[in-house]
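This chain uses plain numbering: 1 for the first residue, then up along the sequence.
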Amino acid sequence: MRRKTPGMIPGAQLVPTLIARAERHDPERVIRLLEPFVLDRRRERLLSIIDQRLSSVQVVFDAPHDPHNGAAVVRSCEAFGVQFVHVVERKETFLASPTVTRGSEKWVDLRAWKSSEEVLAHLQTQGLEIIGAHPDGELTPNDLAGVPGLALVLGNERDGIAEDLAKACTRHVRVPMRGMVESLNVSVSAAILLAQATFGRKGDLSEADRRRLYARGLYFSVVKADEVLAADEIFGKDA
């Protein structure tokens with residue numbers, strides 16, 4: 001396990017303390033209490049974004065090493081509406097640069113796993129096809145939009161996808177190259193693949209996840225959200 005680099009966020013903290021505080025509360029209670037304090041256009045913006053978010057495309061990042069790459073992948077996931085990001089930490093703690101994530105970590109659900117077996121068991125319960133990114137893959141990015149549900153596996157910057165996780169991949173996808181270089185930075189590959197994997201998909205989060213994210217968004221939008229929620233706990237009424 002490496003030491004925390006100054007200015008970097010450990011993966012376990014990529015769901016910030018602020019989110020943890022918000023999600024201690026029942027989402028419906030948060031919505032009931034905070035929604036009246038948020039402007040209509042903000043509520044409409046939140047609901048519009050949440051309507052487009054996906055659980056049918058998820059990302060598995062295998063043992064990421066560079067904090068800037070890790071942050072860029074998280075940011076790309078948020079930008080393309082990918083809600084669930086999984087990191088297999090293996091030997092190193094996952095670190096991310098907040099100057100790169102630019103707040104995108106507040107809107108995705110990131111979970112760190114200690115082994116491939118754990119994350120694979122989780123993904124298989126959701127019926128997702130596990131597809132690995134590989135320079136010699138039989139699929140191209142355009143093919144991903146036609147996969148009903150997929151978990152896109154991204155490899156370590158130096159070693160690629162570890163053998164135990166690679167064996168679980170039913171197919172592989174490549175980014176076609178025309179130049180002399182043989183590969184792209186993992187964060188660039190992730191953005192290209194996710195742009196195609198998410199193209200044309202309708203939002204498909206469960207209603208429970210949609211309400212949870214809406215409550216989270218309201219919490220971030222109200223300056224004194226904690227005070228409003230605390231007042232309700234004390235007085236037993238809307239504050």
> How would you list, by chain and number, every residue that makes a side chain to side chain donor-acceptor pair (under 3.5 Å) with Asp164, sequence neighbours excluded?
Replying inline: Arg90, Ser116
> Quick one: side chain to side chain donor-acceptor pair (under 3.5 Å) partners of His134, sequence neighbours excluded?
Replying inline: none
Note, [X] side chain near [Y] side chain (heavy atom, < 4.5 Å):
X	Y	value
Asp143	Val147	no
Leu152	Val57	no
Leu229	Tyr219	yes
Thr140	Val173	no
Ile49	Arg45	yes
Thr198	Leu54	yes
Arg53	Asp204	no
Tyr214	Arg212	no

From [X] [atom1] over to [Y] [atom2], what is the distance, rounded to the nearest 0.5 angstrom?
X	Y	atom1	atom2	answer
Leu194	Glu78	CG	CD	12.0 Å
Ser56	Leu128	OG	CG	8.0 Å
Leu33	Glu28	CG	CD	11.0 Å
Leu39	Arg41	CG	CZ	5.0 Å
Cys169	Glu129	SG	CD	9.5 Å
Gln196	Leu139	CD	CG	12.5 Å

Are [X] and [Y] close enough for a salt bridge, meaning some N to O gap below 4.0 Å?
X	Y	result
Glu163	Lys167	yes
Arg171	Glu138	no
Arg210	Asp51	yes

>> Set out, in order, the CA-CA distance, both residues' side-chain angles and the distance that settles side-chain hydrogen bond (donor to acceptor under 3.5 Å, both in side chains) for Glu118 and His122, then state yes or no.
In response: CA-CA 6 Å; Glu118 291 178 342; His122 173 76; over 6 Å; no
>> Walk me through whether Phe61 and Trp113 qualify under ring pair (Phe, Tyr, Trp, His ring centres under 6.0 Å).
In response: CA-CA 10 Å; Phe61 202 171; Trp113 305 83; over 10 Å; no
Closest heavy-atom pair and its distance - [X], [Y]:
X	Y	value
Ala191	Phe80	O-CE1, 3.7 Å
Leu144	Arg201	O-NH2, 3.0 Å
Leu193	Ala133	CD1-CB, 3.9 Å
Val88	Ser115	CG1-C, 4.0 Å
Gln83	Trp107	NE2-O, 2.9 Å
Phe84	Leu205	CE1-CD2, 4.0 Å

Give a yes or no answer on whether the side chain of [X] reaches the backbone of [Y] with a donor-acceptor pair at less than 3.5 Å.
X	Y	value
Asp62	Leu154	no
Arg29	His25	no
Arg174	Gly137	yes
Arg43	Val38	yes

> Stepwise, does the side-chain contact (heavy atoms from CB on, under 4.5 Å) test hold for Leu184 with Met177?
Replying inline: CA-CA 9 Å; Leu184 295 169; Met177 309 289 288; 3.9 Å; yes
>> Using the rule given for side-chain contact (heavy atoms from CB on, under 4.5 Å), can you reason through Ile131 versus His172, listing the C-alpha separation, both sets of side-chain angles and the distance that settles it, and then say yes or no?
In response: CA-CA 5 Å; Ile131 297 177; His172 295 83; 5.6 Å; no
> Shared ILVMFWY cluster between Ile192 and Phe199, side chains joined below 4.5 angstrom?
Replying inline: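 Not linked; separate clusters.
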>> With salt bridge (Lys or Arg N to Asp or Glu O under 4.0 Å) as the criterion, how do Arg216 and Asp109 come out once you've worked through the C-alpha distance, each side chain's angles and the decisive distance to 0.1 Å?
In response: CA-CA 12 Å; Arg216 185 190 297 184; Asp109 289 315; 2.8 Å; yes
> Can you check side-chain contact (heavy atoms from CB on, under 4.5 Å) on Ser221 and Arg42, steps first, answer last?
Replying inline: CA-CA 8 Å; Ser221 302; Arg42 176 61 174 173; 2.9 Å; yes
>> With side-chain contact (heavy atoms from CB on, under 4.5 Å) as the criterion, how do Ser55 and Asp209 come out once you've worked through the C-alpha distance, each side chain's angles and the decisive distance to 0.1 Å?
In response: CA-CA 10 Å; Ser55 62; Asp209 281 329; 5.8 Å; no
> Yes or no on side-chain hydrogen bond (donor to acceptor under 3.5 Å, both in side chains) for Gln126 and Gln58, after CA distance, side-chain angles and deciding distance?
Replying inline: CA-CA 11 Å; Gln126 301 179 61; Gln58 300 187 23; 2.9 Å; yes
